[in-house]
Novice: 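Handing you a structure now.
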Amino acid sequence: KLGMSLDPTQIKQLKAKKIILVTSAFHLPRAHALLRKSGVETLPVASDYYAPDKTYDPFSFVPDAANLSRSTVAIKEYLALAVYWVMGWI
């Protein structure tokens with residue numbers, strides 16, 4: 001359900017005061033907001049980041065497929081946040 005190992009109801013049944021939420025840095029704001037709205041207190045931890053591994057040069061500003069892919073992921077996450085907000089899930 002929602003890509004989680006446990007859904008918010010199952011997490012509440014554990015009666016834990018706080019859980020550690022580990023997910024991709026891109027997904028973290030949405031997952032954290034979803035659980036917070038469900039009444040689950042979390043400690044959010046990002047498992048990965050997209051960061052350049054090189055120094056900038058004049059060609060750094062030329063579009064390429066890798067950057068397009070990363071921006072597509074970011075756009076999808078922002079759209080998902082908006083949809084979750086409109087639906088009242090977060």
Novice: Under a single-linkage definition using a 4.5 Å side-chain heavy-atom cutoff for Ile, Leu, Val, Met, Phe, Trp and Tyr, are Leu81 and Leu79 assigned to the same hydrophobic cluster?
Specialist: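 No, no single cluster joins them.
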Novice: Among residues at least two apart in sequence or on other chains, which ones pass side-chain hydrogen bond (donor to acceptor under 3.5 Å, both in side chains) with Thr23?
Specialist: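 Counting only residues at least two positions away or on another chain, Thr23 forms no side-chain hydrogen bond (donor to acceptor under 3.5 Å, both in side chains).
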Novice: Using every non-hydrogen atom in the two residues, find where Ala46 and Leu28 come nearest and quote the distance to one decimal.
Specialist: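 Residues Ala46 and Leu28, closest heavy atoms: N-CD2, 3.8 Å.
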Novice: I need the Thr42 OG1 to His32 NE2 distance, nearest 0.5 Å.
Specialist: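 Nearest 0.5 Å value for the OG1-NE2 distance: 3.0 Å.
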Novice: With clusters defined by side-chain heavy atoms of hydrophobic residues (ILVMFWY) lying less than 4.5 Å apart, directly or transitively, does Trp85 cluster with Leu34?
Specialist: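 Looking at the clustering, Trp85 is in the same group as Leu34.
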Novice: For Arg30 versus Tyr84, what's the shortest heavy-atom pair and its separation?
Specialist: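 Arg30 and Tyr84 have their closest heavy atoms at NH1-OH, 3.2 Å.
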Novice: More than 12 heavy atoms of other residues, nucleotides or ligands under 6.0 Å from CD1 of Ile20: yes or no?
Specialist: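 No, because the 6.0 Å sphere around CD1 of Ile20 holds 12 heavy atoms or fewer from other groups.
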Novice: For Leu21 and Val40, what are the C-alpha separation, side-chain angles and deciding distance, and is it a side-chain contact (heavy atoms from CB on, under 4.5 Å)?
Specialist: CA-CA 10 Å; Leu21 171 64; Val40 177; over 6 Å; no
Novice: Under a 4.5 Å side-chain heavy-atom rule over Ile, Leu, Val, Met, Phe, Trp and Tyr, are Val86 and Ile90 clustered together?
Specialist: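 Yes, Val86 connects to Ile90 through the hydrophobic network.
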Novice: Can you give me the closest heavy-atom contact between Lys37 and Gly88, atom names plus distance?
Specialist: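 Looking at all heavy atoms of both residues, the closest pair is CE-O, 3.3 Å.
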